[in-house]
Amino acid sequence: MEKRRFGNSDLHITPIGFGAWAIGGTGWNFAWGSQDDQQSIRAIQHALDRGINWIDTAAVYGLGHSEEVVARALEGRTNRPYVFTKCGLVWDDNRQERKDLHPDSIRRECEASLRRLKVDTIDLYQIHWPLAAGSLEGIEAGWKAMAELQRQGKVRWIGVSNFDAKQMELAQSIAPITSLQPPYSAIHRDIEKDILPFCERNDIGVIAYSPMASGLLTGAMTRERAAKLPKDDWRSRSPDFQEPRLSRNLALVERFKAIGAKHGRSAAEVAIAWTLRKPVVTAAIVGARSAEQVDGFIGAMEFRLSADEVRELEGVLP
């Protein structure tokens, strides 16, 4: 199985990692609806059996529950994957989340994640969000705390998620950034202008999340299904799943299906391959809620679009 060197680290990761956002289950603001833990465990184990060698989760996913499910899925396995998680989002007794980059908070979060994941060291620890879009507030103190955790051996490598180029520049002046985790898909391309070039210049690995646009580009989403998303599924509030964007996005899926049909591939595999077409993108984070969903996208580990197919899609993308 192909593996790629991950930024400035000694890790070599597969082009796809298992995303554990949805398996956090319901009961928090950005849930994907209810989820059966046993089904989640089977999905994780199936993904690893198919060759994926890393999992990305976060403390806030299910307010700790996703990390606990990941630990249960890995219990007793000899071929353990790399485990990546995130900090900087905490919650109160009312299950309301808030951002916090204070060093004491980051240290507490790290200890809690180590306990939930049942590991001695986290392979990649990431700041989940800056305090505000474009803001440098809290980054210096928060990143110094991350670097200290690395020196202490509690985490092997440190990265950021959802940072812009200026925010990364500040962090990089304090301690090296191993990776950035940004949203990136055929319908969300904002990072191409400044953020990806910054990562390329500074040897920062990129693990893109939502390459299938949270399920929109899989070929399984329809207008009817989008209209019936439950209230505890955050996508029911997303403009991407509502008009006028929904029709545009579903039309794009038809183009993905047409290209995929030529190769015996799914629309989901085409969407992921599009995200991986740039060498600066080390890998893509792909979520799954069942073993069957894993089988629907796992072919993207090796499938690549031709230059002509990339140009064809570039002509129709928003």
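Of all heavy-atom pairs spanning Glu97 and Asn29, the tightest one is OE1-ND2, 2.9 Å.
Residues satisfying the side chain to side chain donor-acceptor pair (under 3.5 Å) test with Ser173, not counting sequence neighbours, are none. Scored by the salt bridge (Lys or Arg N to Asp or Glu O under 4.0 Å) test, Asp190 finds no partners at all (sequence neighbours excluded). In this structure, the salt bridge (Lys or Arg N to Asp or Glu O under 4.0 Å) partners of Arg245, at least two apart in sequence or on a different chain, are Asp240. Take Arg156 and apply the salt bridge (Lys or Arg N to Asp or Glu O under 4.0 Å) test, not counting sequence neighbours, and it matches Asp10, Asp123.
The existence of a salt bridge linking Glu254 and Lys257 is confirmed by a sub-4.0 Å separation between a basic side-chain nitrogen and an acidic carboxylate oxygen. Between Arg72 and Glu75 there is no salt bridge, since no side-chain nitrogen of the basic residue lies less than 4.0 Å from a carboxylate oxygen of the acidic one. The pair Glu314-Arg255 fails the salt-bridge criterion, with no side-chain N (NZ, NE, NH1 or NH2) lying under 4.0 Å from an Asp/Glu carboxylate O.
Cluster partners of Leu11 are Phe6, Ile13, Trp21, Trp28, Phe30, Trp32, Trp54, Val60, Tyr61, Leu63, Tyr82, Phe84, Leu89, Trp91, Leu124, Trp129, Trp157, Ile207, Tyr209, Trp234, Ile285, counting Ile, Leu, Val, Met, Phe, Trp and Tyr whose side-chain heavy atoms approach within less than 4.5 Å, directly or via other members.
Taking the six-membered ring for Trp, Trp143 and Phe163 have ring centres at least 6.0 Å apart.
Hydrophobic clustering (ILVMFWY, side-chain heavy atoms < 4.5 Å, transitive): Val90 and Leu114 are in distinct clusters.
Listed by first and then second residue, the salt bridge (charged side-chain N to carboxylate O under 4.0 Å, His left out) pairs involving residues 51-64 are Asp56-Lys86 (not counting sequence neighbours).
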